[in-house]
Novice: 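Below is one structure. I have some questions about it.
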Number of protein chains: 2
Amino acid sequence: MSPDRNRRPIPDATVSRLPVYLRILGEQRDLGVDSISSDRLAELGGVNAPKVRKDLSYLGSYGTRGVGYEVEYLIFQIQRELGLTHDWPVVIVGAGNLGQALAGYGGFGERGFPVAAIVDVDASKVGSVLGGTRVRPVDELPQIVRSKRINIGVVATPASAAQDAADRLVAAGVTSILNFAPIVLTVPAGIEVRKVDLAVELQILSYYEQRRTGGAAPTARARSASAS
Amino acid sequence: MSPDRNRRPIPDATVSRLPVYLRILGEQRDLGVDSISSDRLAELGGVNAPKVRKDLSYLGSYGTRGVGYEVEYLIFQIQRELGLTHDWPVVIVGAGNLGQALAGYGGFGERGFPVAAIVDVDASKVGSVLGGTRVRPVDELPQIVRSKRINIGVVATPASAAQDAADRLVAAGVTSILNFAPIVLTVPAGIEVRKVDLAVELQILSYYEQRRTGGAAPTARARSASAS
DNA sequence: CGAGCTTTGTGAACGCGTGCACGAGTGCCT
DNA sequence: AGGCACTCGTGCACGCGTTCACAAAGCTCG
Ligand SMILES: NC(=O)c1ccc[n+]([C@@H]2O[C@H](COP(=O)([O-])OP(=O)(O)OC[C@H]3O[C@@H](n4cnc5c(N)ncnc54)[C@H](O)[C@@H]3O)[C@@H](O)[C@H]2O)c1
Ligand SMILES: NC(=O)c1ccc[n+]([C@@H]2O[C@H](COP(=O)([O-])OP(=O)(O)OC[C@H]3O[C@@H](n4cnc5c(N)ncnc54)[C@H](O)[C@@H]3O)[C@@H](O)[C@H]2O)c1
């Protein structure tokens with residue numbers, strides 16, 4: 001283990017932007033572009049040029065002054081830094097509405113995150129095939145995770161079952177979780193959790209709308225928060 | 001109605017946490033809790049107590065020292081600040097895999113964001129009913145947005161059509177967009193855009209996985225080891 | 001071969017958000 | 001009534017991230 005090489009602390013803010021650069025670079029490569037400036041990359045990425053340069057500088061000095069960055073090489077470097085030089089199989093917990101949409105979506109496999117397995121607690125869901133993968137019982141999670149060497153789990157269960165799903169994933173050996181349920185998961189230290197909460201996103205938009213219009217109502221009706 | 005009260009600039013970071021507090025408060029209320037401390041709220045929300053207090057202080061001084069916050073009243077205040085005292089109808093553009101899952105999901109309506117309309121460019125999709133809403137042609141967007149007073153649009157089309165979808169939404173009068181397509185949308189100033197990119201989330205998880213394991217491959221494939 | 005243009009890489013200043021500590025206000029109990 | 005325990009509200013310092021400006025480096029062309 002070389003503590004110097006892998007211990008480079010890339011700021012979180014930069015890590016969250018690298019995937020965006022990566023996707024743009026891939027598109028540009030497919031368009032035949034083999035060199036790109038920080039200016040252009042910034043324009044396509046919706047950020048400013050100095051930020052792009054600083055972000056990329058954390059990877060090393062892979063640009064050429066007066067020219068720009070070699071697209072193909074930069075793609076490789078970002079992939080290497082993000083750990084995308086190999087596939088990361090994922091397991092989806094919950095074969096409901098959302099789980100089915102995710103399983104049927106090919107975009108994950110294309111980006112290196114093949115859906116290696118789907119599990120559900122509902123016996124009537126087990127056995128059906130979604131996106132080429134058969135739904136299996138949730139009890140088989142430990143064997144599935146071990147045999148397929150899965151590190152990343154996706155929680156797509158109702159909120160009431162999400163903590164249970166997360167506990168099972170952790171117990172099975174998963175170390176990263178992407179959570180779609182609208183609750184805060186409690187996990188042991190060392191387990192990485194990211195959440196995607198669509199209602200939160202809409203509520204943030206609502207704030208700015210309300211701010212802009214000064215509170216003018218599009219629909220005249222009161223609401224109250226509810227939970228199960 | 002407060003005249004100049006609406007011009008208080010709440011930090012973005014706080015705005016993104018308020019929906020989390022709101023959901024927790026709703027759950028606690030349903031559990032019969034009528035008063036809550038910043039400590040408890042912090043615990044449930046996965047943050048620390050001073051942050052909760054500072055966040056809530058932007059709304060005003062609605063707590064009682066020595067006691068805590070009155071749940072019901074705090075819910076009302078957060079809803080007011082976020083503009084959730086009335087419904088915000090949304091329109092979904094793209095009735096595909098994801099659009100159908102979103103339409104069939106009741107969670108939006110419950111939280112004040114009813115799916116008022118779904119549009120698609122594909123004639124074969126038009127006319128079908130998803131989650132109680134009939135899919136309509138994308139050309140009718142202007143009339144739909146105007147007649148139903150819609151401010152928020154959801155882009156659920158393939159990436160190649162996302163910019164077109166956004167342009168149509170903006171032209172129709174929508175001022176906030178939630179984008180699920182993995183591209184950076186270009187919109188006029190004053191239009192608020194938030195994106196939800198699942199692949200990006202997975203790639204961020206991948207980074208931390210790779211960092212933790214030092215690059216060891218879970219899948220025995222493409223093990224082009226990193227030399228020193 | 002050197003002048004001039006282009007673009008990267010980065011040190012430094014700035015600003016925002018976070019964490020901390022503590023004063024101030026409130027309720028309860030004796 | 002007074003003391004005590006509790007919790008909010010907030011001023012302040014710190015750290016991270018963003019932004020700027022500029023020197024260093026490379027390319028082109030006369
Ligand atoms: N559908 C959407 O568009 C959408 C949008 C935003 C958020 N969400 C969130 O995603 C989650 C799933 O939504 P959905 O619409 O797919 O719900 P769903 O009810 O359609 O599906 C949930 C599935 O999880 C399974 N399940 C329940 N408990 C389980 C457990 N302990 N272990 C394993 N599986 C279990 C159920 O059998 C069911 O198949 C919810 O938390 C929801 O809030 C969904
Ligand atoms: N399905 C998922 O689970 C998932 C997950 C992550 C991201 N996404 C993203 O969400 C988007 C939609 O994914 P999907 O799986 O639903 O795709 P899809 O192909 O199933 O559906 C896209 C729909 O958009 C319609 N459409 C195309 N161009 C349009 C236009 N100009 N105006 C209006 N409608 C138009 C199509 O007719 C189709 O019905 C994609 O950008 C995808 O990357 C999907």
Side-chain angles (χ1 to χ4, degrees), chain A residues 7-21 24-25 28 33-78 81 184 200 204 207-208, chain B residues 8-21 24-25 28 33-78 81 184 200 204 207-208 211:
Chain A
R7 286 297 163 190
R8 238 170 345 196
I10 295 186
D12 290 354
T14 294
V15 171
S16 66
R17 281 189 296 267
L18 288 179
V20 177
Y21 302 147
I24 292 170
L25 289 167
Q28 292 300 306
V33 177
D34 57 355
S35 177
I36 192 170
S37 69
S38 60
D39 243 327
R40 177 84 179 122
L41 191 48
E43 183 191 346
L44 295 171
V47 295
N48 56 17
K51 195 180 288 184
V52 169
R53 291 201 295 274
K54 178 138 283 191
D55 284 342
L56 297 181
S57 76
Y58 290 115
L59 309 180
S61 297
Y62 297 132
T64 306
R65 295 171 191 228
V67 178
Y69 301 87
E70 194 192 333
V71 173
E72 190 73 47
Y73 188 59
L74 193 53
I75 286 176
F76 171 71
Q77 289 299 339
I78 295 181
E81 196 66 42
V184 177
V200 167
I204 293 173
Y207 170 75
Y208 291 109
Chain B
R8 241 170 342 195
I10 295 186
D12 290 354
T14 294
V15 171
S16 65
R17 281 188 297 267
L18 288 178
V20 177
Y21 302 147
I24 292 171
L25 289 167
Q28 292 299 306
V33 177
D34 56 356
S35 176
I36 193 170
S37 70
S38 60
D39 243 327
R40 178 81 178 123
L41 191 47
E43 183 191 345
L44 295 171
V47 295
N48 56 16
K51 196 180 289 184
V52 170
R53 291 200 295 275
K54 179 143 287 190
D55 284 343
L56 296 181
S57 75
Y58 290 115
L59 309 180
S61 296
Y62 297 132
T64 307
R65 296 169 191 232
V67 179
Y69 301 88
E70 194 193 333
V71 173
E72 191 71 46
Y73 188 58
L74 193 52
I75 286 176
F76 171 71
Q77 288 300 340
I78 296 180
E81 196 64 43
V184 178
V200 166
I204 294 173
Y207 170 76
Y208 291 109
R211 201 135 204 297

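Each chain gets a letter, A, B and so on, in the order the sequences are listed, and its residues count up from 1.
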Novice: Would you kindly give the CG-to-P distance between A:Asp39 and C:dT6, to the nearest whole Å?
Specialist: 12 Å

Novice: Give, for atom OH of A:Tyr207 and atom OG1 of B:Thr14, the distance between the pair rounded to the nearest 0.5 Å.
Specialist: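 Going from the OH atom of A:Tyr207 to the OG1 atom of B:Thr14 covers 9.0 Å.
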
Novice: Roughly, in whole Å, what's the span from OH in A:Tyr58 to P in D:dG17?
Specialist: 7 Å

Novice: Return the value, rounded to whole Å, for the distance between atom CZ of B:Arg65 and atom P of D:dT7.
Specialist: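 Roughly 14 Å, once rounded to whole Å.
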
Novice: Rounded to whole angstroms, how far apart are CZ on B:Arg53 and C1' on C:dG25?
Specialist: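 Answer to the nearest Å: 14 Å.
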
Novice: Would you classify B:Pro11 as touching base, sugar-phosphate or nothing, given that sugar-phosphate means primed atoms plus P, OP1 and OP2, and contacts are heavy atoms under 4.0 Å?
Specialist: sugar-phosphate

Novice: Between C:dT7 atom C1' and A:Tyr69 atom OH, what is the distance in whole Å?
Specialist: 9 Å

Novice: Find the distance A:Leu59:CG to C:dT8:C1' and express it as a whole number of Å.
Specialist: 14 Å

Novice: Given D:dG9, D:dC8, C:dT18, identify the nucleotide with an atom nearest to the side chain of B:Ser37.
Specialist: D:dC8

Novice: Provide, to the nearest angstrom, the distance between the OH atom belonging to B:Tyr62 and the P atom belonging to C:dT26.
Specialist: 16 Å

Novice: What is the distance, rounded to the nearest whole Å, between atom NZ of A:Lys51 and atom C1' of C:dT8?
Specialist: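 Going from NZ in A:Lys51 over to C1' in C:dT8 covers 18 Å.
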
Novice: So, taking the atom named CG in B:Leu56 and the one named CZ in B:Arg17, what distance separates them when rounded to the nearest 0.5 Å?
Specialist: 10.0 Å

Novice: Under 3.5 Å, is there any donor-acceptor pair linking the side chain of B:Lys54 to the base of C:dG19?
Specialist: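 Indeed, a donor on one side and an acceptor on the other fall under 3.5 Å apart.
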
